[in-house]
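One-based numbering along the sequence shown. All heavy atoms count here, side chains included; hydrogens, waters and symmetry mates do not.
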Amino acid sequence: MAMQAAAPEHAPAHIALIMDGNRRWAAQHRVPAIEGHRRGVQALDETVQAALDLGVRALTVYGFSTDNWQRGRDEVASLMELCADFARTRCAALLGRGVRVRIAGDVGNFSFPARAALAALERATETNSRLTLNLALNYSGRAEIVRATRAIARDVAGGRLQLADVDETLFRTRLYSPELPDPDLLIRTGGDLRISNFLLYQLAYTELATLPVLWPDFSAQHFAAALEDFARRERRFGR
């Protein structure tokens, strides 16, 4: 059983996570890639509990990018099955812990079982308010910005908006998760130093933390350490 993480003095309200390293973990342990992804789901379970323990209000996790379709057919099919399994098997626990699950991205191309299970998970948890777990699935930061721009352009062309009405506040309403504040902290595991087309608009003033640990080995202690480091930083927002 994992040890409970110690709470920092000031927890960030919203944390974004790039959960990198599942396939490298699998390669190191000489198991199929899907085993790394399964272990990654277990790491997410522990991280959600740590976020609850530490008073975090929202987690946005990069679960499947639009670029991930380029992976092998068998791996993508296994990821669809794992997604459906996660939504079905974690629903009761997430509901009981007060977690609200939301989807950011276009899952229209996901398998029917995955889409149905995710929709059911969203419906089941929609009144929870202790923590929002925002799953970025078939997500692209650039595509999100283009999607929002097209929606605004249609409204301007249709006379429902004036060009003068378009500002940052309005633009945010057309993003996937307009109800969430921008992330205070982005944690990337796996050691790489890039944001990989994730939350390009929302990360403007987000603090960054990159950790060498591969995602399946990420623990509540790693999470708490990142939050403690965040609490020591001075955020100036360009001032």
Side-chain angles (χ1 to χ4, degrees), residues 1-5 15-26 29 31-54 56-65 68-69 71-139 176-177 180 187 189-190 213-223:
M1 179 180 296
M3 296 174 57
Q4 183 171 339
I15 296 177
L17 279 166
I18 298 178
M19 307 177 294
D20 195 20
N22 291 345
R23 295 200 294 175
R24 279 179 282 165
W25 184 93
H29 290 79
V31 296
I34 192 60
E35 292 304 319
H37 296 306
R38 290 194 181 103
R39 284 294 295 264
V41 170
Q42 295 175 22
L44 179 58
D45 288 337
E46 184 172 345
T47 301
V48 168
Q49 186 57 54
L52 289 165
D53 293 339
L54 298 175
V56 176
R57 301 294 300 174
L59 280 177
T60 295
V61 301
Y62 209 178
F64 189 94
S65 79
N68 290 156
W69 294 108
R71 295 182 177 179
R73 181 180 300 178
D74 289 345
E75 183 178 354
V76 170
S78 295
L79 286 170
M80 292 297 106
E81 292 174 5
L82 185 61
C83 182
D85 181 73
F86 169 85
R88 288 193 297 262
T89 61
R90 269 61 174 188
C91 184
L94 293 169
L95 181 61
R97 288 186 285 177
V99 178
R100 179 191 186 208
V101 178
R102 301 288 293 161
I103 307 300
D106 181 5
V107 295
N109 290 337
F110 273 28
S111 69
F112 175 77
R115 294 199 314 272
L118 289 168
L121 180 59
E122 280 194 290
R123 289 194 301 271
T125 62
E126 64 183 354
T127 61
N128 282 352
S129 58
R130 190 177 171 201
L131 171 73
T132 296
L133 176 59
N134 200 33
L135 303 177
L137 299 172
N138 199 27
Y139 177 86
Y176 282 122
S177 306
L180 294 181
I187 300 172
T189 62
V213 61
L214 300 179
W215 176 249
D217 292 326
F218 188 79
S219 67
Q221 286 69 43
H222 292 113
F223 189 72

Any side-chain heavy-atom pair of [X] and [Y] under 4.5 Å:
| X | Y | value |
| --- | --- | --- |
| Arg88 | Leu121 | no |
| Ile34 | Glu75 | no |
| Met19 | Leu44 | yes |
| Thr125 | Val99 | no |
| Arg57 | Thr132 | no |
| Phe223 | Val56 | yes |

Whether [X] side chain and [Y] backbone form a donor-acceptor pair below 3.5 Å:
| X | Y | answer |
| --- | --- | --- |
| Glu46 | Ala220 | yes |
| Arg24 | Gly190 | yes |
| His222 | Phe218 | no |
| Thr189 | Asp20 | yes |
| Asn68 | Ser65 | yes |
| Trp25 | Gly36 | no |

Distance-minimising heavy-atom pair for [X] and [Y]:
| X | Y | result |
| --- | --- | --- |
| Leu131 | Ala51 | CD2-CB, 4.2 Å |
| Arg90 | Asp85 | NH1-OD2, 4.3 Å |
| Ala26 | Pro32 | CB-O, 3.5 Å |
| Phe110 | Met80 | CG-SD, 3.6 Å |
| Ala58 | Leu180 | CB-CD2, 4.0 Å |
| Leu118 | Cys83 | CD1-SG, 3.6 Å |

Open item on the list: To the nearest 0.5 Å, what is the distance between CD1 on Ile18 and OH on Tyr62?
Closed with: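 Output value for this atom pair is 7.0 Å.
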Task: side chain to side chain donor-acceptor pair (under 3.5 Å) evaluation trace for Asn138 with Trp69 - done: CA-CA 9 Å; Asn138 199 27; Trp69 294 108; 2.7 Å; yes
TODO: For the pair Arg38 and Glu35, find out whether any cationic side-chain nitrogen is under 4.0 Å from an anionic carboxylate oxygen.
DONE: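 Salt bridge present between Arg38 and Glu35.
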TODO: Would you please say whether a donor-acceptor pair under 3.5 Å links the side chains of Gln49 and Asp53?
DONE: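 Yes, Asp53 and Gln49 have a side-chain donor paired with an acceptor closer than 3.5 Å.
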Task: Asn134 and Ser177: side chain donor to acceptor below 3.5 Å - done: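 Looking only at side-chain atoms, Ser177 and Asn134 do form a donor-acceptor pair, the distance falling under 3.5 Å.
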- [ ] Please list, chain by chain and in numerical order, all residues satisfying salt bridge (charged side-chain N to carboxylate O under 4.0 Å, His left out) with Arg39, sequence neighbours excluded.
- [x]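 For Arg39 there are no salt bridge (charged side-chain N to carboxylate O under 4.0 Å, His left out) partners, ignoring immediate neighbours.
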- [ ] List the steps and the verdict of side chain to side chain contact (heavy atoms under 4.5 Å, CB included) for Val48 and Leu94.
- [x] CA-CA 9 Å; Val48 168; Leu94 293 169; 4.2 Å; yes
Task: Verdict with reasoning, Val107 to Phe64, per side chain to side chain contact (heavy atoms under 4.5 Å, CB included) - done: CA-CA 10 Å; Val107 295; Phe64 189 94; over 6 Å; no
TODO: For side chain to side chain contact (heavy atoms under 4.5 Å, CB included), just list the numbers for Arg100 and Leu133, CA-CA rounded to whole Å, side-chain angles, deciding distance to a tenth of an Å, and then say yes or no.
DONE: CA-CA 6 Å; Arg100 179 191 186 208; Leu133 176 59; over 6 Å; no
Open item on the list: Walk me through whether Arg102 and Leu135 qualify under side chain to side chain contact (heavy atoms under 4.5 Å, CB included).
Closed with: CA-CA 6 Å; Arg102 301 288 293 161; Leu135 303 177; over 6 Å; no
